[in-house]
Amino acid sequence: MANLDQLKKQFVQLYGGTDTEIQVYHAPGRVNLIGEHTDYNGGYVFPAALTFGTTLLLRPRQDRKLALASTNFELRGLLSLEAILYDKKDDWMNYPKGIVYELLQRGVQLNTGFDLLYHGEIPNGAGLSSSASIEVVTAYALLCASGQSVDTVEIAKLAQKSENEFIGVQCGIMDQFAVANGKKEHAILLMCDTLEYSLIPFQPGAYKLVIGNTNKRRGLVDSKYNERRSQCEQAVADLRAAFPELTLLGQLTLAQFNANKHLIGDATVRSRAQHVVEEIDRVLQSIEVLKAGDLAAFGELMNGSHDSLRDLYEVTGQELDAMVEAARSIDGVLGSRMTGAGFGGCTVSLVHEDVIERFISEVGRKYTEATGLKADFYVCSIGNGVEKLV
Ligand code: GLA
């Protein structure tokens, strides 16, 4: 967790005044435990909020300007609330700008401007939702500071819209939802079509979640993410021959899909759809085995998820596969898989606490041997969604 006194000092150095009126907010990053590439197909996901994320310090201003600064980036800005437009040159500042734009579009009254200082602890481009974290903390803080009602499900929707339309990344709802609605020691079972969700206790006892960062950056916009999305839409279009009302793959049971998958003309598209429908089923099985306290079975489902993302959905790549393979070779690892969009980014493994040190050194070594890249590891706990700290 960030050092708040230090951050307040930095805030006063930047913006003057005293620290008495500074409000402090925090939104986490997220890790998805299982249910990958199912959100935009109207299926289930099972993510959890991390304990680290983005801290935002805020103080209202007398005018209608938005001052933006970050401890992570040199770039700062002073913008008028009346002229919020996407500008590539504004780099990270487009995330808060997108949120302000969406709030104003929805008719939210921002009566003053704000001085804002962001402090991010999530490695950028690692697939742990640093952008969703900035978006959600901004929306939450601006609404609270303007005395408006705050609904974290609405905030997730608004943040996703901003990412889709203002930033131009066609992501689903999972990241923003997890960051907005997470709870300490719980994972979120979310049905992405209806946004019905429940918090499921996740206390794996002697086992810890260990995130492995491949340090292979994954660019969502440039990646094959959008191609996967349109392949899923193609599968739906083909399956409409049997289900005229079908709009999302998540509306089919596994049995219905298997009985009709021959209707999907293209073999690659069929594999993509097979992954989605089986992955949704794996999420539901995960809830059952976790309720029964069977962590080993959950680990197997994590492994199955990765293998399907590798073989059917083809979004893993050499780096994630090498890291997962090294992780699984260690006794005391119940399961290991990629998490997030894929094409680089992070893995998540369920590791017995007694072997964590060995895990980090051996997986690190094998990973470097296989790829030439250096890995980073974070032993993590599940934290809360967005909240006001001070
Ligand atoms: C990214 C997107 C999410 C989701 C995952 C894959 O993290 O932002 O909406 O689609 O990829 O599960």
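Order of listing sets the numbers, starting from 1, for every ligand and every atom in it.
Between Glu154 and Arg106 there is a salt bridge, with a side-chain nitrogen of the basic residue lying less than 4.0 Å from a carboxylate oxygen of the acidic one. The pair Asp5-Lys8 does not count as a salt bridge, with every side-chain nitrogen at least 4.0 angstrom from each carboxylate oxygen. In summary, Arg282 and Glu279 engage in a salt bridge, as defined by a charged side-chain N under 4.0 Å from a carboxylate O.
Applying the salt bridge (charged side-chain N to carboxylate O under 4.0 Å, His left out) test to residues at least two apart or on different chains, the pairs with a partner in residues 226-239 are Lys224-Glu227. The salt bridge (charged side-chain N to carboxylate O under 4.0 Å, His left out) analysis of residues 83-97, with sequence neighbours excluded, yields the pairs Asp87-Lys89, Asp90-Lys97.
Using a non-hydrogen distance threshold of 4.0 Å, Arg30 registers as a contact of ligand 1.
Atom numbering of ligand 1 starts at 1 in the shown order; those under 4.0 Å from a heavy atom of Cys171 are 2 (C), 8 (O), 9 (O). Using a 4.0 Å cut-off to heavy atoms of Met174, the atoms of ligand 1 that qualify are 4 (C), 5 (C), 12 (O). Shown in contact with Asp39 at under 4.0 Å from a heavy atom are these atoms of ligand 1, numbered in order with element: 3 (C), 4 (C), 9 (O), 10 (O).
Of the N or O atoms in His37, one or more lie within a sub-3.5 Å distance of an N or O in ligand 1. Ligand 1 has an N or O atom lying under 3.5 Å from an N or O atom of Gly172, backbone or side chain. By the 3.5 Å distance cut-off applied to N or O atoms, Tyr40 is not counted among the residues near ligand 1.
Nearest-heavy-atom check against atom 2 (C) of ligand 1 across Phe343, Tyr313, Tyr225 picks out Tyr225.
A donor-acceptor contact shorter than 3.5 Å links the side chain of Ser146 to the backbone of Leu142.
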